[in-house]
Chemist: 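First, the structure itself, so that you have it in front of you.
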Protein chains: 2
Amino acid sequence: MKRNREIPNPTTTAIKELILTRGLRPGDPMPTEAELMETLGVSRSNVREAVRTLVALDILEVRHGTGTFVGQLSLRPLVEGMVFRGVLSPGPDHTSLREVIEVRTGLDLSLAPRIVERLAGQESADLRSCVDEMTTLAARNEPFGEPDRRFHLLLAQRLGNGLYGQLVAAFFDIHGAVAPSLGVAAQQDLDRTAAAHARLLDAAIAGDLDRYRAAVLDHYEPLLRVLDTTETALLDPAKGA
Amino acid sequence: MKRNREIPNPTTTAIKELILTRGLRPGDPMPTEAELMETLGVSRSNVREAVRTLVALDILEVRHGTGTFVGQLSLRPLVEGMVFRGVLSPGPDHTSLREVIEVRTGLDLSLAPRIVERLAGQESADLRSCVDEMTTLAARNEPFGEPDRRFHLLLAQRLGNGLYGQLVAAFFDIHGAVAPSLGVAAQQDLDRTAAAHARLLDAAIAGDLDRYRAAVLDHYEPLLRVLDTTETALLDPAKGA
């Protein structure tokens, strides 16, 4: 892989250094445009270009009518870039989306031992309510992205590693943004996916790591099957779903 | 976690749609600024702002003196944001860096079964040469970031999932950019880290998954120990390294 490094714009670097030397934190107000021009000795258009770049990276945040603030340093730029990549390069076999699902599977499997350790032996009201919501919505043939996302995020939060939670959420969002181009999931897939979440939770509470791992794989199976079906349909329309 | 979504700039959205409808691919030349102004019916400053945002996300790439091209859609924006987060919020216990190391460990462990499956039973010249380089450099007390990075990237590439390789490289780079603020690793850590890479490779070639997993954990141990030592030093300077 090519190491793709843009030449850093000196003004963006200077603004990042200013944030560090002043000890500013996410959400703190930034100096005004005029103050940045004077402090950094650069033109208004230089400041504006740099701010635009840093906003795209969520290092700064512009609240219209209020001013500019230090950003949340979230994974939003990752999601935006990867969603576009997924839409741009679907490929006949949905390579981008397959890769996203593999990464989601990998993240879930790598969290498995600690999730099971933390959940074993006790019912989890918050996770159970996500599963119940998904089951109810699946029965009505309605999509359940919101409780599904909440479920995965709550699981990741059990680890006390904020970055993991953000990665899980980011890849959930990338997947959710790219997948609709494949068409709506079938009813039985909704039922099956909801049931897989119930099995994930039950296995964790039972402290059964092998069963938990099997449930992770089972959970992604309908998502991969949609890709296979769509691929088949593209290659041979008569065989399509 | 807050779902941080910026209101999309209509011109950035329009440029992304233009890339899609024209079927442009990474590296393809973009229309000129004048053509974008006319096609999208927006002002020059609008186009420039949008291009600046899309360059930050690696969706576009400006080659000075040549023009604007579709970008590589790499994980560079992730690296840039996360490095700044790591530098901005080191915390007394290096939370950001610990989280990065945990994610790296998780990615490596999640790849372990397939890596071992693919490498078992046969020497790998390219991976072995990375290990040999690391060992030689460690013996001279020199850092070995380059062969180290190549080692992890080659491993991830064995899976045929480009996104995984990019994630592994991205978190390697984030780690590498944030860690130097902790000071140089000790000689025995270089030796130990080089030896851990040899054990990773040997375990994979032997087809021994348990030994491979143990080597992954062992590989990160010196990196975590540096954090613990630095933390102790901050809390009680007399105990520092």
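Numbered from 1 within each chain, the chains take letters A, B, ... in sequence-line order.
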Chemist: What part of B:L24 gets closer than 4.5 Å to chain A, counting heavy atoms only: side chain, backbone, both or neither?
Modeler: backbone

Chemist: Judged by atom type as modelled, is there a donor-acceptor pair below 3.5 Å linking the side chain of B:E61 to the main-chain atoms of B:V55?
Modeler: no

Chemist: Heavy-atom distances under 4.5 Å only: say whether A:V100 touches chain B with side chain, backbone, both or neither.
Modeler: both

Chemist: Quickly, which of A:I19, A:L73, A:I59 forms a side-chain contact (heavy atoms from CB on, under 4.5 Å) with A:P26? Name it, please.
Modeler: A:L73

Chemist: Can you tell which part of B:R114 gets under 4.5 Å to a heavy atom of chain A, answering side chain, backbone, both or neither?
Modeler: side chain

Chemist: At a heavy-atom distance under 4.5 Å, which candidate from A:V62, A:L109, A:L20 has the highest pair count against chain B?
Modeler: A:L20

Chemist: So is B:R104 actually on top of B:Y220's ring, under 6.0 Å and inside 45° of the axis?
Modeler: no

Chemist: Would you say B:S124's side chain and B:D126's backbone share a donor-acceptor pair under 3.5 angstrom?
Modeler: no

